[in-house]
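Numbered from 1 within each chain, the chains take letters A, B, ... in sequence-line order.
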Amino acid sequence: MKIGYPCINRTIKCRGAKTFRLKSYSKQKLEQVVANNLDCLCRILEYNLNHDILFFRISSQVVPFASHPICTFSWQKRFKAELREMGKFIKEHRMRISMHPDQFIVLNSPNEQVVKRSIAELDYHAQVLDLMGLDHTAKIQLHAGGVYGDKEFALQRFSRNYSLLNKRIKNRLVVENDDKSYTVCDCLKLHRLTGLPVLLDVFHDRVNPCGLSLSAVFASASATWKKKDGLLMVDFSTQEKGRPRGAHAQTIDLKQFRALLRQSANFDFDLMLEIKDKENSALKAVALAADDPRFRRREKIVSLEEKIKKG
DNA sequence: GGCAGTCAAGTACGC
DNA sequence: GCGTACTTGACTGCC
C-alpha cells in the first residue's frame, strides 16, 4: 500500500499545474509554463519521497492546451529529456503515478466531436506517462460519463468508443465509479464489456452505492486488475460537514481512515486521498498507516559504509 | 497590491 | 431554454 494525494502540494512554494488563458497562448508562454510545471513536479516528488508518500497524481494541466488545436508546438520533443529524467526518479524509488482527466472528457458522449476531443486529451495523458518511461501500472482514471436517459445504451456506447482507442491509451485507462451516475456495479459491467480495470472510489461508493458491502466492492474491483496493471487503486475521502452531499472533506477524518484500514485488511491497494488539504492529510495518513503491514515506505538508502560492513 | 469577473472543454438538474 | 453546480482554483484586467 502506497499512500498519496493529487496534483498540488501546498507546502512547497511552487505549482506543478500552472496554466494560462487561451487568449494569451504562445509557443514561448507554453514552453515557459511547462518548464515551470516539470521543475515543480520534481520538487514535489522529492518532497513526497522524503515523507514516505509514494503515490501521486500528476495534474492534467502539466502541459496546458496539449490536445487543443492551437497547440502545434512539439512539447514531446522539447521536454523529452526532462520527462524521462522524472520517470527515472519515479521508477528508481518505486513510486506510483496516476492522472485524472477532468469532467470534459466524456468517452460515451452522443456528440462525435466531444468524443474526438476526449480521445485527443486521453492520448495526451498517455503520451506524458509514456515519455516518462513508466510501465502500465501508471494509470489514467476516467469516469464512465453521461447517462443520456438510458444507462445501458450509454454503457454500450462507451464500450464501442473504447474499441476505437489506440493501444497506448488502452494500456493505461481505468474506470472509476462516480458520485451521481455510475456505481461500482455499473463499472464492473463496463469491465465485463471492455476489460477495463475498475478504480474504486470508496467515498463515491458511499454516496452512490449499489448494494454491495465494502468488502465485496474491494474484492470485485481488485479482481479486475491484472498483474501488468499493478495493485488496485483506491480513492478515499469523507463528507465535509455542512456542505452538499458528496463534498470532499477539508482535512482527513482519521477515525474513518482507521476504519477503512481495518475493514479492508484482506486487500492490498494503493490509496489516493482526495482531500482538500492535500499533503497535510497524506502526512497524517502515512503516520497512522505506519504500523499496517501493507504500508510501503521509501526503501532505505544503504550507505556506502553499511555496504562495506555487510561485505 | 487587491479585487472581482472569468476561464477550452460536458452533463444534469432545477426553474 | 437558460443558469448553475460540479471541483477548485487561479489567471487577468481594472482600479
Side-chain angles (χ1 to χ4, degrees), chain A residues 5-26 28-30 32-34 36-37 40 44 57-73 75 98-125 140-151 153-155 157-158 161 175-183 186 199 201 203-204 206-208 235-251 272-281:
Chain A
Y5 62 95
C7 306
I8 297 168
N9 179 302
R10 297 184 194 282
T11 308
I12 299 175
K13 297 293 168 230
C14 74
R15 282 199 305 277
K18 212 172 153 64
T19 185
F20 52 88
R21 295 284 188 258
L22 182 59
K23 261 203 293 194
S24 53
Y25 181 93
S26 70
Q28 289 74 19
K29 183 100 181 171
L30 181 74
Q32 177 200 333
V33 168
V34 177
N36 164 85
N37 287 348
C40 182
I44 292 176
R57 183 184 299 164
I58 294 177
S59 167
S60 295
Q61 295 202 61
V62 64
V63 185
F65 303 107
S67 71
H68 192 282
I70 202 171
C71 179
T72 53
F73 173 58
W75 55 270
S98 66
M99 294 184 87
H100 192 346
D102 67 23
Q103 73 218 54
F104 307 108
I105 311 312
V106 186
L107 203 50
N108 75 343
S109 174
N111 181 332
E112 266 182 42
Q113 289 307 309
V114 171
V115 175
K116 200 176 152 200
R117 281 195 291 269
S118 296
I119 293 176
E121 181 75 359
L122 287 174
D123 196 51
Y124 144 66
H125 283 74
I140 302 167
Q141 64 189 88
L142 189 67
H143 293 299
V147 174
Y148 314 100
D150 185 343
K151 194 183 267 184
F153 191 61
L155 285 171
R157 190 166 48 227
F158 186 107
N161 289 342
V175 65
E176 176 193 358
N177 58 309
D178 66 72
D179 57 344
K180 290 199 174 66
S181 308
Y182 290 92
T183 63
D186 296 326
L199 187 151
D201 188 312
F203 180 45
H204 290 164
R206 181 166 287 189
V207 177
N208 183 24
D235 283 359
F236 172 75
S237 185
T238 55
Q239 174 68 42
E240 176 72 9
K241 289 193 179 72
R243 297 262 298 121
R245 192 170 155 81
H248 289 222
Q250 190 61 41
T251 192
M272 177 62 62
L273 303 171
E274 288 191 318
I275 295 172
K276 291 187 188 166
D277 70 355
K278 307 288 177 180
E279 78 281 6
N280 283 321
S281 284

Could you tell me the separation between the [atom1] atom of [X] and the [atom2] atom of [N], rounded to a whole number of Å?
| X | N | atom1 | atom2 | answer |
| --- | --- | --- | --- | --- |
| A:Arg117 | B:dA9 | CZ | C1' | 6 Å |
| A:Asp102 | B:dC7 | CG | C1' | 12 Å |
| A:Ile70 | B:dC7 | CD1 | C1' | 14 Å |
| A:Tyr25 | B:dA9 | OH | C1' | 16 Å |
| A:Lys116 | B:dG10 | NZ | C1' | 18 Å |
| A:Phe158 | B:dG10 | CZ | P | 17 Å |

Once side chain to side chain contact (heavy atoms under 4.5 Å, CB included) is applied, do any residues pair with [X], and if so which ones, sequence neighbours excluded?
| X | result |
| --- | --- |
| A:Leu22 | A:Phe65, A:His68, A:Ile70 |
| A:Asp178 | A:His143, A:Lys180, A:Ser181, A:Tyr182, A:Asn208 |
| A:Thr238 | A:Phe236, A:Ala249, A:Asp253, A:Gln256 |
| A:Gln250 | A:Glu240, A:Lys276 |

- Query: So which one's nearest nucleotide on DNA chain C is more toward 5', A:Phe20 or A:Arg10?
  - Reply: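 Closer to the 5' end of DNA chain C: A:Arg10.
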- Task: Between A:Lys276 and A:Arg21, just flag the one whose closest nucleotide in DNA chain C comes earlier from the 5' side.
- Result: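 By nearest-heavy-atom nucleotide position, the 5'-most residue is A:Lys276.
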- What does A:Asn111 touch in the nucleic acid at a heavy-atom separation under 4.0 angstrom: a base, only the sugar-phosphate, or nothing?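 If one applies the 4.0 Å heavy-atom cut-off, A:Asn111 turns out to touch nothing in the nucleic acid.
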- Task: Under 4.0 Å between any heavy atoms, over every strand shown, what does A:Ser118 touch: base, sugar-phosphate, or nothing? Just pick one.
- Result: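 No contact.
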[atom1] gap between [N] and [M], integer Å:
| N | M | atom1 | value |
| --- | --- | --- | --- |
| C:dA10 | B:dT11 | P | 26 Å |
| C:dG3 | B:dA9 | P | 15 Å |
| B:dG1 | C:dT8 | P | 29 Å |
| B:dG10 | C:dG9 | P | 23 Å |
| B:dT6 | C:dA5 | P | 14 Å |

Tell me every residue that passes salt bridge (Lys or Arg N to Asp or Glu O under 4.0 Å) with [X], counting only those two or more places apart in sequence or in another chain.
| X | answer |
| --- | --- |
| A:Asp102 | none |
| A:Asp235 | A:Arg57 |
| A:Lys151 | A:Asp186 |

- Query: Between which nucleotides of DNA chain C, read 5' to 3', does contact with chain A run, using atoms under 4.0 Å from its heavy atoms?
  - Reply: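 With heavy atoms of chain A under 4.0 Å away, the range is C:dC6 to C:dT12.
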- Query: Considering residues at least two apart in sequence or located in another chain, which fulfil the ring-ring contact (aromatic ring centres under 6.0 Å, His included) criterion with A:Phe203?
  - Reply: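 Per chain and number, A:Phe203 pairs via ring-ring contact (aromatic ring centres under 6.0 Å, His included) with A:His248.
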- Set of ring-ring contact (aromatic ring centres under 6.0 Å, His included) partners for A:Phe158, sequence neighbours left out: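 For A:Phe158 there are no ring-ring contact (aromatic ring centres under 6.0 Å, His included) partners, ignoring immediate neighbours.
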- Do we see A:Phe104 stacking on the base of B:dA9, given a limit of 5.5 Å between centres and 30° between planes?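 A:Phe104 ring centre within cut-off of B:dA9 base, planes near parallel; stacks.
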- Check: A:Ser67/A:Glu121 side-chain N/O donor and acceptor closer than 3.5 Å: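 Checked: A:Ser67/A:Glu121 side chains pair up, N/O donor to acceptor below 3.5 Å.
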- Task: Give a yes or no on whether A:Tyr148 atom OH has more than 12 heavy-atom contacts from other residues, nucleotides or ligands under 6.0 Å away.
- Result: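 Buried by this count: over 12 neighbours within 6.0 Å.
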- What distance do A:Ser98 atom OG and A:His125 atom NE2 have between them, rounded to the nearest 0.5 Å?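 Atom-to-atom, A:Ser98:OG and A:His125:NE2 are 10.0 Å apart.
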- Using both pair distances under 3.5 Å as the test, note the stems of at least 3 consecutive Watson-Crick or G-U pairs that include DNA chain B.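 Stems found: B:1-7 with C:9-15, B:10-15 with C:1-6.
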All N/O contacts under 3.5 Å from nucleotides 12-15 of chain B to the protein, with atom names and distances to one decimal?
residue : atom : partner  : partner atom : Å
B:dA12  : OP1  : A:Val147 : N            : 2.4
B:dA12  : OP1  : A:Tyr148 : N            : 3.3

